[in-house]
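Chain naming here is simple, since letters A, B, ... match the order of the sequence lines and numbering starts at 1 in each.
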Amino acid sequence: MNSQQVHSSPHTPPQNSVTRLMLAVVFAMLPGCMTYVYFFGWGLVINIVLAIFVALATEAGMLRLRQRPVMPFLTDGSAVVTAMLLALALPTLAPWWLTIVGVTFAIVIAKHLYGGLGYNPFNPAMVGYAVLLIAFPREMTAWLPAEIHHMGFMDSLRYTLFETLPAGTTFDTLTAATPLDTVKTELGLDHTLDEIFTSHAGLFGGVAGRGWEWINLMFMLGGLVLIYMKVINWRIPLALLGTLFIIATLFALPAPDIRPSPWFHLFGGAAMLGAFFIATDPVTAATTPRGQLIYGAGIGILIYVIRTWGGYPDAVAFAVLLMNMATPTIDYYTQPRVFGHEED
Amino acid sequence: MKRRLWHFHGGLHLPEHKQASMTKPVVAAALPDEIILPMQQHIGSPAEPVVKVGEHVLKGQRVAKASEYVSAPVHASTSGEVIAIEERGVPHPSGLPLLSIVIKPDGKDEWTELKPVPDYAQLDPSALRNVIRDAGIVGLGGAGFPSFIKLNPGPDNAVDTLILNGAECEPYITCDAMLMQERPRDIIDGLLIMKHALRARHCIIAIEDNKKVALTLLKNSLQEHEAEFLKIVSIPTIYPSGGEKQLIRILTGKEVPSHGLPIDIGVVCHNVATAAAICKVINEGKPLVERYITVTGETLDQPRNLKVRIGTPCIDLLNACGWREDQTDEVLMGGPMMGFGIPALDMPTVKTSNCLLARPKDQPHQQPAMPCIRCGQCAAVCPAQLLPQQMYWYARARDFDKIQAYNLFDCIECGCCAYVCPSRIPLVQYYRFAKTEIWAKERDKEKADHARQRHEFRLQRLERKKKEDEERRRRKKELLKKTQPKPDSEADIKQAAIQAAMDRVKAKRATQKQQKKNIENLNEKQQQAIEAVEKRRQRLRNAGADNEENP
Ligand code: SF4
Ligand code: SF4
């Protein structure tokens, strides 16, 4: 027995690990991802695999460069989560270089140049996405409409690698704007929602974008499991979705012709993915209980504002990045009352 | 009628591991070859030996006396010869050796003359406290604060509720549970004695609801008329319900103020084992010389509770329970959450030792820590409602002002935060480090303050002397001038002397003013820091009994 070594309490075997948390997040995303593949085809799988590969490679490279132990950090799973989130934010038909640029930027600049795991103030995946959106707007906004399986696995792979499309199709005939994007553009042309939904019937489903509503539902289920497992806390998702719902309702009630319903907002774009998987990124989110409510609500408000009046079709990434900036301030002003102290 | 209970924030449901040591009845541990009695087994100043090497002592004989108010005497736990009074290693997180009296038992275990108190109700509280003080009773739950002080509410405080802590919320430890099962009536009697000393109105014995047997037995030994003011309350099993502040919150819904004591809200809290010890003192006249200790862990063949003479080396107890040394990684004193590793097993058990826990080798406990990912899981479980992740951040940065702004000193070191941390950061270690550093700084500051004061006095004295010398010279001169034309003007001399005295006073006032300015010029932050330090000192001086009972 080695009694010279005296450790500090508690002396319990480790109960939890970063890897466990990250893997839980990865698994919770799977139902959403599978639904995504069902509606939009194999492109996502290719993107995810490529993104994870690039993420692990750049992560390992950066750890080596920064002279950090490679294995514990490489296996912590955080790079995998970043890669998956970014791949989900990319259009289904994404050329290989788009994925590589985005992931590399996320891992190298947004994560490691800030000090690596735990030190990055901005959500790396969202930084990668924002950079791509600004640099390559055309590639980033062209989506396949749901349930039109023109492209099988090999076709998708061919596009990713060589940007060649199946014979007889062109990029423009295949792709379209996302439902959120479409609504935004057409509203800008003074069409009412009814007109838009009829003229683009194929794009829309029951309450929101076709396919999108199911994907969102699945991400929501995955997120609820994470809350149940105590991997994430309920406050941020609830505050985010609740605020988004309330604002959307307030604006939609008096003007149902031009303001989409709250359901459209909640199940239309990346709201559920954002609420349960992106905004809850522990490193960049607020950590005090009240702070988390404010942080989530802030993102909810920003999503609505940017979607409705801003220049970008979906707003989750920018809303999250903006609130990331506010995180330290929020945390500072929302410290909980300490036991035995007066409320101040 | 079901009593209303309250919650505290956070806490953990831990695997209990209590069954193993509860299957066998408590037996007395064998007489060891050597009894080692450290002079400090309590909070406060160390006791002073009153025996000499070579002297023969009897069991229960006082071998060291309390040195100050906050101190406790030590008694021989068996009869034998004092063979040494020297520094010995003691199980304490600091690991520093302490002056100890070493006794070689003569094997007779012969008691000294015992003086029970026939009718304590006739005794007034202060006399009762003296009996308890002279018996060397300290809080047996963990910290070891001299009990008689906690039985003195002070002239301005009324005790509404006297709580006996039988929660024993740490995993593995069962010595209080066994005590409640085997000597329930002693505990109640001890509580009644305490009640008399404190003139408390209500009494509560609190037990976690995983100790059903103890609960039933205690309830059965309660007499009907006692049930009017004495409630035996079962509380939910959640760590750290046995923390003094947490327990008070659960039972009364009140929070002990951050820099205060339970008595500030009319509550006093003692451990069940302390009550049983007090019962022994009064009814049998026996001072504190033995206690129950849980000896348990995965590498023992017969984990159990032993009745141990205080001062028995740890190794004897382990061997008595079939210890497999080769499979043991570390032996802890206390439970897994708040205990500490014993540096060497020939160290003695002391008054506050409640458990020896042998940890097996295969437990991967020291994994490399990852960076904090700010997940907030630590804050979610912190019973003090702190933000452990922020305190960790500032402890690493050695920013001791900031870490105090995050209320480091409200941390009870329960270990909940480190237990759940996915990055496996040894958070408590950081907090202990920060506390130690801050204490050290305060000591330095105190020293520096003294030095500065001395220096300033000296300067003042010199200054005054200089002024007085000048004054004298001037007076002499004037006198000379005046004496020539008017040799007998005594009134003038008197006048001059008065003038000089007034000048002195003026000069003194001026320097005083200057000093004051020095304090006024402090900015708000410094002011706050000073106040915080003062408060804490005050609290220490008031013999802070918080954190007293270990959960
Ligand atoms: S539990 Fe650990 S990783 Fe999470 S915030 Fe607290 S210290 Fe950081
Ligand atoms: S050790 Fe301190 S900071 Fe950690 S949970 Fe306990 S009281 Fe809170």
Engaged part of [X] at the chain A interface, taking heavy atoms whose separation is under 4.5 Å:
X	answer
B:Cys421	backbone
B:Pro383	backbone
B:Leu387	side chain
B:Cys372	backbone
B:Met337	both

Open item on the list: Return the CZ to CG distance between A:Phe73 and A:Leu63, rounded to the nearest 0.5 Å.
Closed with: 7.0 Å
Open item on the list: If I measure from the heavy atoms of chain B, does A:Leu117 come under 4.5 Å with its side chain, its backbone, both, or neither?
Closed with: both
TODO: Can you tell which part of A:Tyr119 gets under 4.5 Å to a heavy atom of chain B, answering side chain, backbone, both or neither?
DONE: side chain
Look at [X] together with [Y] and state whether they make a salt bridge at an N to O cut-off of under 4.0 Å.
X	Y	answer
B:Glu255	A:Arg337	yes
B:Glu330	B:Lys361	no
B:Arg374	A:Asp331	yes

TODO: Compute whether any side-chain donor of one residue and acceptor of the other, for A:Thr327 and A:Asn324, lie under 3.5 angstrom apart.
DONE: no
Open item on the list: Hydrogens and angles aside, do A:Thr19 and A:Asp76 bring a side-chain donor and acceptor to less than 3.5 Å of each other?
Closed with: no
With [X] via side-chain hydrogen bond (donor to acceptor under 3.5 Å, both in side chains) - residues at least two apart:
X	value
A:Thr334	A:Thr288
A:Gln292	none
B:Gln327	B:Arg324

Open item on the list: With chain A as the partner, which of B:Gln390, B:His9, B:Gln377, B:Glu413 has the greatest number of non-hydrogen pairs under 4.5 Å?
Closed with: B:Gln377
Open item on the list: At a heavy-atom distance under 4.5 Å, which candidate from B:Ala379, B:Pro336, B:Cys382 has the highest pair count against chain A?
Closed with: B:Pro336
Open item on the list: Just to be sure I understand the criterion: a residue of residues 221-233 of chain A counts if one of its heavy atoms is under 4.5 Å from a heavy atom of chain B. Which ones qualify?
Closed with: A:Lys230, A:Val231
Open item on the list: Which residue is it: A:Arg66, A:Lys111, A:Arg64? I am looking for the one with a salt bridge (charged side-chain N to carboxylate O under 4.0 Å, His left out) to A:Glu59.
Closed with: A:Lys111
